[in-house]
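Notes follow once the structure below has been shown.
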Amino acid sequence: MKKLLLITSMAVMAIGAWAQSASDYGIVMEQPAGELKTYDRAGYAYYYSGENIRRGAQTGTIDIVFGEDNKVYFKQPLSKLEINSWVEGTLSDDGTTITLPMGQNIAYDSEINQVITLAVLDYDEDYEEFEVRNNAHNVQFSVTEDKISLIGTSSSVVFGAVYANSQEWAGAADYGTYYVPTTQAEDVLVELPEGVEPETYIFEANGYDGTHFKYNVNVGVKDNDVYIQGIFSDVPESWIKGTREGNNVTFAQDQYIGHVANRPNYMAGGQTNAQGQKDICDFVLAYDETTDTYTNVTEYLVQNTTKGVIYYVQAFSNITITKDPNNGAHTVPYVETFDTQAAFSEYTVINANNDSRTWTYNGTSMNVSYQWNSANAADDWLITPALILEDGVEYEFKVDAKASGYPERLEVMVGSEPTVEAMTQTIIPAVEISGYDVTEQMGKFTVSGNSKDGNYYIGIHAISDADQFVLTIDNVSVTLSDPSAIETINVEKTVDNNYYDLMGRKMDSNNLPAGIYIHAGKKVLVK
């Protein structure tokens, strides 16, 4: 199994109908008397997904009642066995240990006429087999003020459930478990403080599978606090917060970054331990003031689906976050293939007729589409991020477009602001998109210098009739119509004495390969 656990479907153990009376089998369904406390679960779990054994993270909460005579009661003691029964343990006189006897019945499956009971099991990963450890008569939890931790379990020794008669594994087992008091206040999104003006930086990193990522993020700084927005493609609007001390910026683990697929997600760091596994931890970036660049000190930055253990959606390593010399504007050639939600989030969507339909991102097919409205004709804009365009130079714009059987229409405009009012110059007049095939739409244009900072925005305008179907676009590009047309770009924010390639990366001026670069605010050709 991978040391960093991939997201898998959460299988829920299907329990058959209850016996006529659960008490016939000593199964406790009513909440025992005592003080009820709710804890967040963390740790790992084995469970069935189809016919396969999976390993994942424990999620959700657990209710524990502290009763009289040092009695302690756990509701749903196994994270993947979603039943509402209670089991009983005993708190030591010094309050530091809970002992939970094995053999307690927790469910009855009438379909196979077997009781499900608690047990300690050995797990053989090579053969994917569980075997009851008959000499283990209980499990123990250590108790501190802020944590209850299962003692003595591992990936090969687990606390689980078996069928009482056959002693076969019943599809649920936990290990590395710990519970911390639930604090709902932690699940609050980080907000950028008022008055802080974020700047655009370029985020580059490798994914856990080696895929290289590069896109823009926003960075805001207030005193010693550093805020970053847009790292995780599923939640591009979310911020994470770190605190700078010296050259290091530390981002506390388990920062809430929003819900994805109806589940809370968190930011965390991941670091390899002595056993070669990945432990969750705070995430640390080192800041180089001379280059205005952040690089990772902690091995991984993780988008996590639980607290306390690594169970990730995204994991990044080899991270650099560098100030964008163009402050978020893109140079030409510009290409966008919409491979991520983060790429789509750079675009401005304007629902000009304010109805229920507009441009949306399709994560599965990695493109953007407008779906029909039965009553209203489309009037919806998809506007690019800022593009640095040169006065008087001819550019070529391309976009792939596809209908879905019903005729659709679009037009393409350019303007000096990402607003409907600014879209005054036509690149592609209204064109019909029909059939099912992808067609490339192309138009040539020049800009007339009405932008103060050299930034322009191209708007793809959906203008289909009412009650059509789906208009899909992909592969947006802007290139020089005549690549030899190289002139000065009047953009103050790019003026310095360094050389940058067309992706905004700083180059070694003493060792420049042949190509086009930006230097002192101008495009220059090095032969």
Side-chain angles (χ1 to χ4, degrees), residues 13 15 18-19 21-46 58-108 115-122 132-154 157-164 167 170 172-184 186 306-309:
M13 179 66 181
I15 302 299
W18 292 103
S21 172
S23 61
D24 292 345
Y25 301 97
I27 299 169
V28 179
M29 298 302 299
E30 294 186 4
Q31 180 178 316
E35 181 185 6
L36 174 66
K37 296 183 178 181
T38 301
Y39 296 81
D40 287 323
R41 293 182 186 267
Y44 296 102
Y46 290 110
Q58 297 182 40
T59 57
T61 61
I62 183 170
D63 289 338
I64 301 177
V65 168
F66 294 84
E68 296 181 350
D69 300 324
N70 284 1
K71 295 301 181 185
V72 181
Y73 304 91
F74 295 76
K75 183 179 181 181
Q76 191 192 321
L78 297 171
S79 61
K80 303 304 182 187
L81 193 62
E82 295 187 3
I83 44 84
N84 294 318
S85 60
W86 296 78
V87 296
E88 178 185 301
T90 302
L91 181 66
S92 61
D93 289 338
D94 62 4
T96 62
T97 305
I98 298 173
T99 301
L100 186 67
M102 298 295 92
Q104 297 188 63
N105 296 335
I106 56 174
Y108 171 73
V115 174
I116 297 174
T117 186
L118 298 179
V120 176
L121 303 101
D122 292 308
V132 174
R133 181 175 283 198
N134 292 314
N135 62 350
H137 303 297
N138 57 62
V139 295
Q140 289 189 317
F141 295 81
S142 65
V143 181
T144 63
E145 184 176 342
D146 58 356
K147 186 182 292 187
I148 297 175
S149 305
L150 181 62
I151 301 171
T153 57
S154 66
V157 181
V158 298
F159 167 42
V162 297
Y163 292 105
Q167 294 291 282
D174 292 346
Y175 69 94
T177 301
Y178 67 89
Y179 311 129
V180 295
T182 297
T183 307
Q184 294 298 333
E186 292 181 3
T306 189
K307 298 178 182 179
V309 295

Would you indicate whether the side-chain heavy atoms of Leu81 and Gln76 approach each other to under 4.5 Å?
no
Partners of Pro101 by side chain to side chain contact (heavy atoms under 4.5 Å, CB included), sequence neighbours excluded?
Gln104
Are side-chain heavy atoms of Gln31 and Leu36 found at a separation under 4.5 Å?
yes
Mark yes or no for whether Gln58, through its side chain, and Tyr44, through its backbone, hold a donor-acceptor pair below 3.5 Å.
yes
So, do Tyr39 and Thr61 sit near enough that their side-chain heavy atoms are less than 4.5 Å apart?
no
Does a side-chain heavy-atom distance below 4.5 Å link Phe141 with Leu100?
yes
Minimum heavy-atom distance between Asp146 and Val180, given as atom pair plus value
O-CG1, 3.7 Å
Nearest heavy-atom neighbours spanning Ala161 and Ile116:
CB-CG2, 3.7 Å
Checking Lys80 against Tyr46: charged group under 6.0 Å from the ring centre and within 45 degrees of the axis?
no
Is it true that a side-chain atom of Asp174 and a backbone atom of Ser79 form a donor plus acceptor pair closer than 3.5 Å?
yes
Donor-acceptor side-chain pairing of Gln140 and Thr99 below 3.5 angstrom:
yes
Any side-chain to backbone donor/acceptor pair from Ser85 onto Val28? Under 3.5 Å, distance only.
no
Taking all heavy atoms of Lys75 and all of Asn84, pick out the closest pair and write down the distance.
CE-OD1, 3.8 Å
With a 4.5 Å cut-off on side-chain heavy atoms, are Phe74 and Ile98 touching?
yes
Counting only N and O atoms by type, is there a donor-acceptor contact under 3.5 Å from the side chain of Asn105 to the main-chain atoms of Tyr25?
yes
How far does CD1 of Ile27 sit from CD1 of Ile83, to the nearest 0.5 angstrom?
8.0 Å
To the nearest 0.5 Å, what is the distance between CD1 (Ile106) and OG1 (Thr117)?
7.0 Å
Answer yes or no: is there a donor N or O on one side and an acceptor on the other, between the side chain of Asp94 and the main chain of Thr96, under 3.5 Å?
yes
Is any side-chain heavy atom of Thr153 closer than 4.5 Å to a side-chain heavy atom of Val120?
no
How long is the straight-line distance from OH of Tyr178 back to OG of Ser142, given to the nearest 0.5 Å?
12.0 Å
Indicate yes or no: at least one non-hydrogen side-chain atom of Pro32 is less than 4.5 angstrom from one of Trp86.
yes
Distance from Ile64 atom CD1 to Lys37 atom NZ, nearest 0.5 Å?
9.5 Å
Are any of the side-chain heavy atoms of Ile62 and Thr38 separated by less than 4.5 Å?
no
Got a second to check how far Glu88's CD is from Thr90's OG1, nearest 0.5 Å?
6.0 Å
Taking Thr177 as the fixed residue, which of Ile151, Leu150, Ile148 is the one that meets the side-chain contact (heavy atoms from CB on, under 4.5 Å) rule?
Leu150
Within this structure, what is the CZ-CG distance for the pair Arg133 and Asp122, rounded to the nearest 0.5 Å?
4.0 Å
